[in-house]
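Structure record follows, encoded as structure tokens.
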Amino acid sequence: MRPTKQFVIVLIAWCLIGFVQGAARVLGLATEIFSLVWAVCGITLFFWAAFDYFTIGKIKDLIIERSIPTSLALGAPVKATMTITNTLSRGIRLLVSEPPNPKLTFSGLPVKLILEPQQAVDVDYSLTAINRGEATLKGAVARIQSKYRLWDFTFSHPKTSKVKIYPNFAPIAHLSKLGIEQQIRQLGVHLSQKRGDGMEFKQLREFTVGDSLRQIDWKTTSRYQKPISREYQDEQNQEVYFLLDCGRRLRHKDDELSHFDHALNAILLTAYIAIRQGDACGFSSYSGEEKWLNPVKGPSGINVLLNTLYDLESTKENTDFLKLAEKFVKRNSRRSLIVIVSNVREEDYEDLIQATKVLSKNHIVLVASLKEHSLVKQLDHDINTVDDALSYSETHRYLQNRKTLATKLRSSGVHIIDTLPNQLHVQLVTEYFRLKRSHLL
């Protein structure tokens, strides 16, 4: 409870008048009647304020019901509704809002309302998730004015709500409506259509431009009197493990999303494509909170993956690739495609080489490394001073060392992509198909 602005202004005015009349009495200019009137006004104001205080009634019986989704996508605004019911015996003026939350922002609040007795009003607003994980929304807050607008009473509804904030899976929802070939084109991935040995037969279809003569089923063509092609699909029931670095390497942020969030989105999209291809996808996090998910497949697989990694956060721990490799080989021996997602630097060479040697005994290893977009852009800046030249030189040396490291890793038999965060999903899907169609798995 606190006095309203109107009440504070009246009190200040009354005090100023009292100061003036006190000064006038000292100078012998004030009369007793003036002082008496001032005192009577003060007493009246006191009793008026006391009476108005008790007119508020039982505000704890005010009903506030909130309707929000139980799950949100990072950065995607969603509609929410708050229903306020006035259970008091008089009309009320109030201001309703949501309490601050570190994982959410609100649009359309606060809202001023005037409610008659027993009247209910719906307030529509939107909330946007700004951090992944589980968010607890405390009860809605209402500020209610007393009958004569002298007091503001704050009411916090005791009911709380919990929501889960996932990576933005809108691209996945969009892709689910498309066929696999359309999905690949939507992602911007260009693949050569490989048909032949090692591919599983899928169906017969009409011959189209681009099909090879080896695809033609001559017996069926003779029967239907038109060219019929055999369509093949990649081998299924293979395993793909995504190993995500939760250490300090992916904490950098070039745009609205951190490198860690870009990595999560790329993993989800690639896993979705792989599951649609009939493969099974597993997951493990390292250098921070450690989570393990055995390979899942089928329509529900992507949901299982989402619920496993939605609340992961990057930490300030150092990355230990060799420790990661040793732990992984103890838990899984079946030949799989291992995708290590991190930000690989020059000082990682020895550790990473040893780790990939351990993993490569039974697995195919792909290292997906994210580089800082801000450093790449720095090479485009004009050089006007000595500091500019030094900055350019150091940035160029850093990026060149990354290229040299990637070359060394490839020469050691490690598959690697070194790309910008916003291009990781395209590069990852492209490399997944390349490795899958090369029959290395």
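Here the structure is a predicted model, which means the values were calculated and not measured.
Atom NZ of residue K5 and atom CG of residue L150 lie 15.5 Å apart, to the nearest 0.5 angstrom. In this structure, NZ on K147 lies 13.5 Å from CD1 on I92, to the nearest 0.5 angstrom. Considering CG of N343 and OG1 of T319, their distance stands at 9.0 Å, rounded to 0.5 Å. To the nearest 0.5 Å, the span separating CG on L250 from CG on L244 amounts to 6.5 Å. In this structure, CG in L72 is found 11.5 Å from NZ in K103, a value given to the nearest 0.5 Å. Note that CG of L428 and CD of Q423 are 12.5 Å apart. Values are rounded to the nearest 0.5 Å.
Within the 4.5 Å cutoff, side-chain heavy atoms of I84 are placed close to those of V96. Between K371 and V344 the shortest side-chain heavy-atom distance does not fall below 4.5 Å. Between I417 and L424 there is a side-chain heavy-atom pair separated by less than 4.5 Å. Using a 4.5 Å heavy-atom threshold, the side chains of S342 and Y286 count as touching. Counting heavy atoms from C-beta outward, L366 and I340 have side chains that stay 4.5 Å or more apart. L137 has its side chain out of reach of T160: every pair of non-hydrogen atoms, C-beta onward, lies at least 4.5 Å apart. Residues R397 and N401 are in side-chain contact: their nearest non-hydrogen atoms beyond the backbone lie under 4.5 Å apart. In this structure, the side chains of V414 and V367 come closer than 4.5 Å at one or more pairs of heavy atoms.
In this view, E317 satisfies the salt bridge (Lys or Arg N to Asp or Glu O under 4.0 Å) rule with no residue, not counting sequence neighbours. Partners of K291 by side chain to side chain contact (heavy atoms under 4.5 Å, CB included), not counting sequence neighbours, listed by chain and number: S285, E289, T308, D311, L312. Partners of E134 according to the side chain to side chain contact (heavy atoms under 4.5 Å, CB included) rule, which considers only residues two or more places apart in sequence or in another chain, are K162, K164, Y310. Listed by chain and residue number, E290, K323 satisfy the side chain to side chain contact (heavy atoms under 4.5 Å, CB included) test with K327 (two or more places apart in sequence, or in another chain).
In plain terms, the two heavy atoms of A129 and I165 that are nearest each other are CB-CG2, 3.3 Å. The nearest pair of heavy atoms linking T270 to H425 is OG1-O, 4.3 Å. The two residues F260 and D245 come nearest to each other via the heavy atoms CE1-O, 3.5 Å. Between I275 and G301, the shortest heavy-atom distance links the atoms CD1-C, 3.9 Å. Between N131 and P102 the shortest heavy-atom distance is ND2-O, 3.1 Å. Nearest heavy-atom pair, C246 versus G288, reported as atom, atom and distance to 0.1 Å: CB-CA, 4.3 Å.
Ring geometry, Y53 versus F153: the interplanar angle falls from 30° to 60°, so the pair is classed tilted.
For the residue pair Y166 / N307, a side-chain donor-acceptor distance below 3.5 Å is found, with atom types taken as modelled. Between the side chains of N303 and S300, no donor N or O sits under 3.5 Å from an acceptor N or O. At a cut-off of 3.5 Å, with distance as the only test, no side-chain donor of T4 or D152 sits close to an acceptor on the other residue. A donor and an acceptor atom, one from each side chain of Q277 and K436, are nowhere located under 3.5 Å apart.
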- Would L293 and L305 count as a side-chain contact (heavy atoms from CB on, under 4.5 Å) if you check the C-alpha gap in whole Å, the side-chain angles of each, and the deciding distance to 0.1 Å? CA-CA 8 Å; L293 175 66; L305 191 59; 3.6 Å; yes

- Message: Could you go through Y241 and V339, starting from their C-alpha distance and side-chain angles, then the distance that decides it, and tell me whether this counts as side-chain contact (heavy atoms from CB on, under 4.5 Å)?
- Response: CA-CA 6 Å; Y241 274 95; V339 182; over 6 Å; no

- Task: Mind running side-chain contact (heavy atoms from CB on, under 4.5 Å) on Q238 and L337 for me, showing each step along the way?
- Result: CA-CA 8 Å; Q238 297 169 324; L337 170 61; over 6 Å; no

- Item | CA sep, side-chain torsions, deciding dist, call: H415, R434, side-chain hydrogen bond (donor to acceptor under 3.5 Å, both in side chains) | CA-CA 11 Å; H415 304 277; R434 189 187 71 79; 3.2 Å; yes

- Message: As a quick check of understanding, evaluate side-chain contact (heavy atoms from CB on, under 4.5 Å) for R93 and R149, giving each step before the final call.
- Response: CA-CA 9 Å; R93 296 179 179 85; R149 306 186 191 182; 2.4 Å; yes

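The closest donor-acceptor contact from the side chain of T407 to the backbone of K403 lies under 3.5 Å. Side chain of N265 to backbone of P167: no donor-acceptor contact under 3.5 angstrom is found. Using modelled atom types, one side-chain atom of D351 and one backbone atom of F321 make a donor-acceptor pair closer than 3.5 Å. A distance-only check finds no donor-acceptor pair linking the side chain of N86 to the backbone of A120 [under 3.5 Å]. Side chain of S360 to main chain of T356: a donor-acceptor pair is present (N/O by atom type, distance under 3.5 Å, no hydrogens or angles). Without hydrogens or angle criteria, N294 side chain to G282 main chain gives no donor-acceptor distance under 3.5 Å. Between the side chain of R251 and the backbone N or O of S258 there is no donor-acceptor pair closer than 3.5 Å. Remark: side-chain polar atoms of T220 are not paired, donor with acceptor, to backbone N or O of I228 under 3.5 angstrom. With N362 contributing its side chain and R335 its backbone, the two residues share no donor-acceptor pair below 3.5 Å.
Look at E372 and R345 and you find a salt bridge, because one of the NZ, NE, NH1 or NH2 atoms lies within 4.0 Å of a carboxylate O, short of that distance. Classification of E346 and R402 as a salt-bridged pair fails, no side-chain N sitting under 4.0 Å from a carboxylate O. The existence of a salt bridge linking K297 and D279 is excluded, since no basic side-chain nitrogen approaches an acidic carboxylate oxygen closer than 4.0 Å.
Both cation-pi conditions hold for R331 and W292: the charged atom is under 6.0 angstrom from the six-membered ring centre and inside a 45 degree cone around its axis.
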Donor-acceptor pairs under 3.5 Å, side chain of residues 121-128 to any protein atom, not counting sequence neighbours: which ones?
unit_1, atom_1, unit_2, atom_2, d
D122, OD1, T83, OG1, 2.7
D124, OD1, T81, OG1, 3.0
Y125, OH, E98, OE2, 2.5

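Judged as a ring-ring contact (aromatic ring centres under 6.0 Å, His included), the pairs with a partner in residues 346-377 (not counting sequence neighbours) are, in order, F328-H363.
No more than 12 heavy atoms of other residues, nucleotides or ligands lie within 6.0 Å of CD in E65, so this atom counts as exposed by the packing criterion.
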